[in-house]
Engineer: 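Take a look at this one; I'll ask things after.
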Amino acid sequence: YQAVADRVTALAVAHVTGNYTAPEGEEAASGGGAAAQRLALAERGQLLEQLASARNAAAKARQMSQRVDLNLQIQQLQRQLQDIQTRLTA
């Protein structure tokens, strides 16, 4: 059962990265790599929700200082998403 769950995780990662790599050998037996990938995917989902919320708030903001603060927050969230993308690709 764990092997199937690990392959489903690998497929979800492939959806994000564009590269499918099936778990093999010790990695498949331990499940450690897949668990880290599942955590990264969950974190990515949360960041995407925060990013959408910040973008909506920035679009609605009337004061320039609010827009600047929200744009800085958006840039930080984008950097975090890029870090997750890098972890998933590795």
Engineer: Members other than Tyr20 in its cluster, when Ile, Leu, Val, Met, Phe, Trp, Tyr link by side-chain heavy atoms under 4.5 Å?
Structural biologist: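 Cluster partners of Tyr20: Leu11.
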Engineer: Tell me, which pairs form a side-chain hydrogen bond (donor to acceptor under 3.5 Å, both in side chains) where one or both residues lie in residues 80-90, sequence neighbours left out?
Structural biologist: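 Pairs touching residues 80-90 that pass the test: Glu43-Arg87.
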Engineer: If you link I, L, V, M, F, W and Y whenever their side-chain heavy atoms are under 4.5 Å apart, who else ends up in the same group as Met64?
Structural biologist: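 Its cluster partners, ordered by chain and number, are Val68, Leu72.
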Engineer: What's the shortest heavy-atom distance between Leu70 and Ala61, and which atoms?
Structural biologist: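 So the minimum-distance heavy-atom pair works out to CD1-CB, 4.2 Å.
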Engineer: Listed by chain and number, what are the side-chain contact (heavy atoms from CB on, under 4.5 Å) partners of Leu39, not counting sequence neighbours?
Structural biologist: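 So Leu39 forms no side-chain contact (heavy atoms from CB on, under 4.5 Å) with any residue.
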Engineer: Under the salt bridge (Lys or Arg N to Asp or Glu O under 4.0 Å) definition, can you give me all pairs with a residue in residues 58-77, not counting sequence neighbours?
Structural biologist: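 Sorted result for residues 58-77: empty, none.
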Engineer: Which ILVMFWY residues can you reach from Leu77 by hopping between side chains whose heavy atoms are under 4.5 Å apart?
Structural biologist: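 Listed partners: Val13, Val16, Leu41, Leu47, Leu48, Leu51, Ile74, Leu81, Ile84, Leu88.
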Engineer: For Ala5 and Arg38, which heavy atoms make the closest approach, and how far apart are they?
Structural biologist: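 Here Ala5 and Arg38 meet closest at O-NH1, 4.0 Å.
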